[in-house]
Number of protein chains: 2
Amino acid sequence: MEIALLGGTGDIGEGLALRWARDTDHSIIIGSRDSDRAERKANEYRSVLKETGATPNVAGYGNETAAEFAEVVVVSVPPEYASSTVESVAPVLGEGDILVSPAVRMTRDAAGFHYDPPEAGTVAEAIDDVAPVDVPVVSAFQNLAAGALSDLDNDLEADVIVTGDDGEAKRTVEALAEDIDGLRALDGGPLANTGVVESLTPLLINLAMNNDGMHDVGVRFE
Amino acid sequence: MEIALLGGTGDIGEGLALRWARDTDHSIIIGSRDSDRAERKANEYRSVLKETGATPNVAGYGNETAAEFAEVVVVSVPPEYASSTVESVAPVLGEGDILVSPAVRMTRDAAGFHYDPPEAGTVAEAIDDVAPVDVPVVSAFQNLAAGALSDLDNDLEADVIVTGDDGEAKRTVEALAEDIDGLRALDGGPLANTGVVESLTPLLINLAMNNDGMHDVGVRFE
C-alpha cells in the first residue's frame, strides 16, 4: 500500500514513516510544502532505516504529488495547517483514498497543556469539512509520543484509538496501526467521538511534565 | 483518617467505599441526602465486606453529618448535584478538610458519549467555586470503572490522575488512591488541568461500547 505523510518532515510524521518503513512493506511517501526538504528528509530516514538492516521504501515529494501517489494520506501537519493542507491536495484525492487525522490543537499556560478544539469540533472534523465527499476521514495516532515513535530502539506498547464514519476505511487504518510492532488498534466509534481522543494528548503531556519517568509516555486501556 | 463519600450510595461511591474499607484502616462514612438510605447502604456494604473477611469500618449518615465527621469529603454525587451538594455541606467544612471531585458531566447521542463540561470549566472547578476558601479541591478517581471497583473479586490495575492547587491536599489524595490495592496515583498538575482528565471518562465508555472485552476498562500510562 502507498502511504503519504503530509508534513512527514515533522515529529509525528517522522515517527510513523520510520515505523511503517521498518515494520512493513508499504511504500512511504514523505510530503512537504517544500519538495526539496521532503527529499532530504526521505534520504535521512533511509539512512536511519539502513542502520537497522531494513530495506527502506521511502520517497520524498511535494504534498500534492505525495497525496496523488498514495491511497492513505496522513495529515501530519501542525493542526493550524490541517484544513488548508487538505484543501490544497483535495483535487488529487478521490474514491478509494483515505485521509488520516493525527493532529491535536492545544494551548499551553502556566498550569500545563489544555485541549483547544477548532470550531468544527475536532481537527478530524475540520478536515472532514473540506475533504472530497467520497474520501473518508479517519482519526488515529493522536496519542503516540513522537519521541517514542521516532526512536527505533524503543519497543512500543501502546494503544491507538481509531474513529471514523466509514467502516472499511477504519478497518484499513486499524490494520495499518497494528502493522507497527507494539501498537494495538481500538475502535473509538464514529468521527463525532474524536474529541475525547484528541483531548487525551494534552493529558499525556501534563503527566510527562508532572511525574518522573513519564517522558514520551503512551496509553493502554485494559 | 475519616473519609466521607457524599452520594456514597451510588456507583462510584460504593466502589470507593468498599475498596477503602477492605484495603485500609480508614473510617468510611457513607453520606446521602436520605440518612436512612445511607444507613441501609452502609449495612449492605458491611455485609459484603464481612464475606471477604474484612472488619468493615463503615457508617451511614446524612450528607451534612458525614461531611462534618470527615477530613476527606468525596463528592461522589451525579455531576448535576455536585455544586449544590458542596453548598449544602460548606458550613461544616473548614481548615484541614479536603474536597475530592470524581464526577464527570457527559452527554450521550447516537455516536457515543461526549464530554460536556460545566460553565466553570470542569466539575472540579465548579465545586471549587462554591467551596469554603480554606478547603482545597482535589480531582481524582474520574476514570475508574464503577463496576470494576465494586466487584471486590476483581483485581484492579489502573492509574488515578490527581489534579489540584494545594500540594499537601494532593499528596493526601494520592496516598488514599494508592491505599487501594492495584491503583497508582499520577500527578496531573493544577486544578486547571482537570478538563483533560474528566474527558477521559467518556472515551473509556466509548471504548467499552465499541470493542469486545473492554467492559469496565481502566487506563494505564506507561
Side-chain angles (χ1 to χ4, degrees), chain A residues 104 106-117 121-122 125 142-143 145 148 156-159 161-165 170 174 184-222, chain B residues 104 106-117 121-122 125 142-143 145 148 156-159 161-165 170 174 184-222:
Chain A
V104 175
M106 293 178 275
T107 55
R108 182 186 186 164
D109 61 19
F113 282 77
H114 307 279
Y115 183 43
D116 181 33
T122 56
E125 288 161 295
Q142 296 100 330
N143 309 316
L156 299 174
E157 197 193 339
D159 287 339
I161 305 164
V162 178
T163 64
D165 296 332
K170 263 167 90 171
E174 285 172 7
R184 177 177 69 161
L186 295 174
D187 185 350
L191 206 65
N193 290 356
T194 308
V196 291
V197 184
E198 292 185 355
S199 67
L200 183 49
T201 304
L203 173 60
L204 289 162
I205 304 173
N206 290 341
L207 291 176
M209 289 172 66
N210 288 287
N211 299 273
D212 291 335
M214 300 204 85
H215 188 62
D216 282 344
V217 73
V219 65
R220 293 278 298 179
F221 298 93
E222 49 199 11
Chain B
V104 176
M106 294 179 273
T107 55
R108 184 187 184 162
D109 62 19
F113 282 77
H114 307 280
Y115 182 43
D116 181 33
T122 57
E125 288 162 296
Q142 296 101 330
N143 309 316
L156 299 174
E157 197 192 338
D159 287 338
I161 305 163
V162 178
T163 63
D165 297 331
K170 264 168 89 173
E174 285 173 7
R184 177 178 68 160
L186 295 174
D187 186 349
L191 206 65
N193 289 357
T194 308
V196 292
V197 184
E198 292 185 355
S199 67
L200 183 49
T201 303
L203 173 60
L204 288 162
I205 303 173
N206 290 341
L207 291 175
M209 287 172 67
N210 289 288
N211 300 273
D212 291 335
M214 300 205 83
H215 188 61
D216 281 343
V217 75
V219 65
R220 294 277 299 178
F221 299 91
E222 48 199 14

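Residue numbers begin at 1 in each chain, while the letters A, B, ... track the order of the sequences. Reckoned from all heavy atoms, side chains included, excluding hydrogens, waters and symmetry mates. Everything quoted here is computed from the prediction, not taken from an experiment.
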Please tell me if the side chains of B/Phe221 and A/Leu204 come closer than 4.5 Å, counting only heavy atoms from C-beta onward.
-> yes
Contact class of B/Leu191 relative to chain A, heavy atoms under 4.5 angstrom | neither
Go through B/Asp187, B/Leu203, B/Thr163 and name the one with the most non-hydrogen pairs under 4.5 angstrom from chain A.
-> B/Asp187
Report yes if the side chains of A/Glu125 and A/Glu198 come closer than 4.5 Å at any heavy-atom pair, otherwise no.
-> no
By side-chain contact (heavy atoms from CB on, under 4.5 Å) - contacts of B/Glu222 (at least two apart) = A/Arg220, A/Glu222, B/Arg220
Among A/Asn193, A/Val219, A/Asp109, A/Ile161, which residue forms the greatest number of heavy-atom pairs with chain B at distances under 4.5 Å?
-> A/Asn193
Starting from the C-alpha separation in whole Å, work towards a yes-or-no answer on side-chain contact (heavy atoms from CB on, under 4.5 Å) for A/Val104 and A/Phe113.
-> CA-CA 11 Å; A/Val104 175; A/Phe113 282 77; over 6 Å; no
Considering only heavy atoms, which portion of B/Leu200 lies under 4.5 Å from any heavy atom of chain A: side chain, backbone, both, or neither?
-> side chain
Residue, of A/Asn206, A/Asp216, A/Asn210, that accumulates the most heavy atom pairs under 4.5 Å with chain B = A/Asn210
For each of A/Val217, A/Val197, A/Thr201, tally heavy-atom pairs with chain B at distances under 4.5 Å, and name the one with the top tally.
-> A/Val217
For B/Asp212, side-chain contact (heavy atoms from CB on, under 4.5 Å) partners two or more places apart = none
